[in-house]
**Q** 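Right, I'll just put the structure down here and ask away after.
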Amino acid sequence: MEKLFDESWDNVLKPLFKQDYMRSLSAFVQHERREYVVYPPQDLVFNAFRLTPLSEVKVVILGQDPYHNVGQAHGLSFSVPDGVMHPPSLKNIFAELTTDIPGFVYPKSGNLTKWAEQGVLLLNATLTVRAHQAASHQKHGWEEFTDQVIAQLSKTMDNVVFLLWGSYAQKKSVLIDHNKHLILKAVHPSPLSVYRGFFGSKHFSKSNDYLAEKGRGIIDWSLD
């Protein structure tokens with residue numbers, strides 16, 4: 001059986017799993033899975049931690065919730081599996097990339113696994129959701145878990161870029177050491193706000209400029 005997460009995360013995640021709130025959260029999610037359809041599938045809940053080893057994290061893109069419609073969520077923020085229609089926010093992310101990164105071609109697939117494998121931690125603040133009910137698993141413990149992950153990541157690593165899009169993600173900046181890392185903020189890429197500063201933010205090229213300056217190696221953002 002494939003491990004739920006890469007062993008490099010053991011020292012961060014295993015102590016969290018032993019905390020009381022995680023036991024309550026686990027019981028809640030198990031009950032939800034018995035009563036309802038829950039996304040993503042159980043084996044993909046920690047997919048971000050499986051695909052991106054702790055020591056290789058270069059960029060963190062923080063989302064809020066998994067997608068809640070059939071076949072969309074696979075444990076990576078903003079990403080969808082191959083063959084799934086691109087959600088609106090993802091379309092806008094790709095639109096920004098076409099103007100920010102020379103040679104970027106709008107991709108056929110919305111699967112961001114290639115980014116994750118290069119060190120882009122695609123982390124949602126809440127890791128599960130009831131089908132067709134956005135935010136249904138918020139305030140049950142996931143946020144406490146992911147807050148502690150962000151804080152530990154900030155403490156453990158140096159020179160990571162945190163992309164915080166929208167007011168919800170931006171509130172997480174208090175967990176991050178501003179002296180060790182680069183924090184880039186913009187409005188959320190949803191159609192409701194994208195024209196208020198996400199388009200033109202150039203977060204992808206700015207991330208690479210910082211990573212290159214720090215000698216960490218840039219991200220190849222291309223997907224096709």
**Q** Would you call the rings of F204 and W115 parallel, tilted or perpendicular if under 30° counts as parallel and over 60° as perpendicular?
**A**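 Tilted.
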**Q** Return the CG to CG distance between L4 and L13, rounded to the nearest 0.5 Å.
**A**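 Taking CG in L4 and CG in L13, the distance rounds to 10.0 Å.
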**Q** Please check if the side chain of D224 supplies one atom and the backbone of K108 the other of a donor-acceptor pair under 3.5 Å.
**A**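 Present.
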**Q** Ignoring hydrogens and geometry beyond distance, is a side-chain donor-acceptor pair present between S205 and D100 at under 3.5 Å?
**A**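 Yes, because at least one side-chain N or O of S205 sits under 3.5 Å from a partner of the opposite role on D100.
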**Q** For K155, look at atom NZ and say whether over 12 heavy atoms of other residues, nucleotides or ligands are found less than 6.0 Å away.
**A**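 Open.
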**Q** Whether the H132 and N69 side chains hold a donor-acceptor pair (N or O, under 3.5 Å, no angle test) is what I'd like checked.
**A** yes
**Q** Inspect the contact between D20 and R23 and indicate whether a charged nitrogen and a carboxylate oxygen are less than 4.0 angstrom apart.
**A** yes
**Q** Quick check against the 3.5 Å criterion: does K58 have a side-chain atom that pairs as donor or acceptor with the backbone of I219?
**A** no
**Q** Test of understanding: with side-chain hydrogen bond (donor to acceptor under 3.5 Å, both in side chains), list the residues that count as partners of N92, not counting sequence neighbours.
**A** none
**Q** May I ask you to say whether K114 pairs ionically with D220, meaning some side-chain N is under 4.0 Å from a carboxylate O?
**A**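 A salt bridge is present here (some side-chain N lies under 4.0 Å from a carboxylate O).
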**Q** Flag yes if more than 12 heavy atoms outside Y195 fall under 6.0 Å of its OH atom; otherwise flag no.
**A** no
**Q** Could you tell me whether F162 and H178 have their ring centroids closer than 6.0 angstrom?
**A** no
**Q** Can you check whether T113 reaches L51 side chain to side chain, under 4.5 Å on heavy atoms?
**A** yes
**Q** Please report the closest heavy-atom contact between N47 and H74, naming both atoms and the distance.
**A** ND2-O, 2.8 Å
**Q** Q138: which residues meet the side-chain contact (heavy atoms from CB on, under 4.5 Å) condition with it, sequence neighbours left out?
**A** Q64, D65, T126, A135, E143
**Q** Would you say the ring centers of H137 and F28 fall short of 6.0 Å from each other?
**A**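 Yes, close enough.
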**Q** Taking atom CD of E117 as the centre, report whether more than 12 heavy atoms of other residues, nucleotides or ligands fall under 6.0 Å from it.
**A**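 Result for CD/E117: enclosed.
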**Q** Please report the interatomic distance CG(L223) to OG(S109), rounded to the nearest 0.5 Å.
**A**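 L223 CG to S109 OG: 7.5 Å, rounded to 0.5 Å.
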**Q** Measuring from W221:CH2 to T98:OG1, what's the distance to the nearest 0.5 Å?
**A**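 Here the interatomic distance stands at 14.5 Å.
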**Q** Between S77 (side chain only) and L123 (backbone N and O only), is there a donor and an acceptor less than 3.5 Å apart?
**A** yes
**Q** Rounded to the nearest 0.5 Å, how far does CD of Q19 lie from CD of E144?
**A** 6.5 Å
**Q** Any donor-acceptor pair under 3.5 Å linking the side-chain atoms of Q30 with those of S26?
**A**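 Result is yes, a qualifying pair exists.
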**Q** Is N11 atom CG crowded by more than 12 heavy atoms from other residues, nucleotides or ligands, each under 6.0 Å away?
**A**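 Check fails, neighbour count at 12 or below.
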**Q** If we ignore hydrogens and angles and just use 3.5 Å, is the side chain of Q170 paired with the main-chain N or O of A186 as donor and acceptor?
**A** yes
**Q** Mark yes or no for whether R216, through its side chain, and V57, through its backbone, hold a donor-acceptor pair below 3.5 Å.
**A** yes
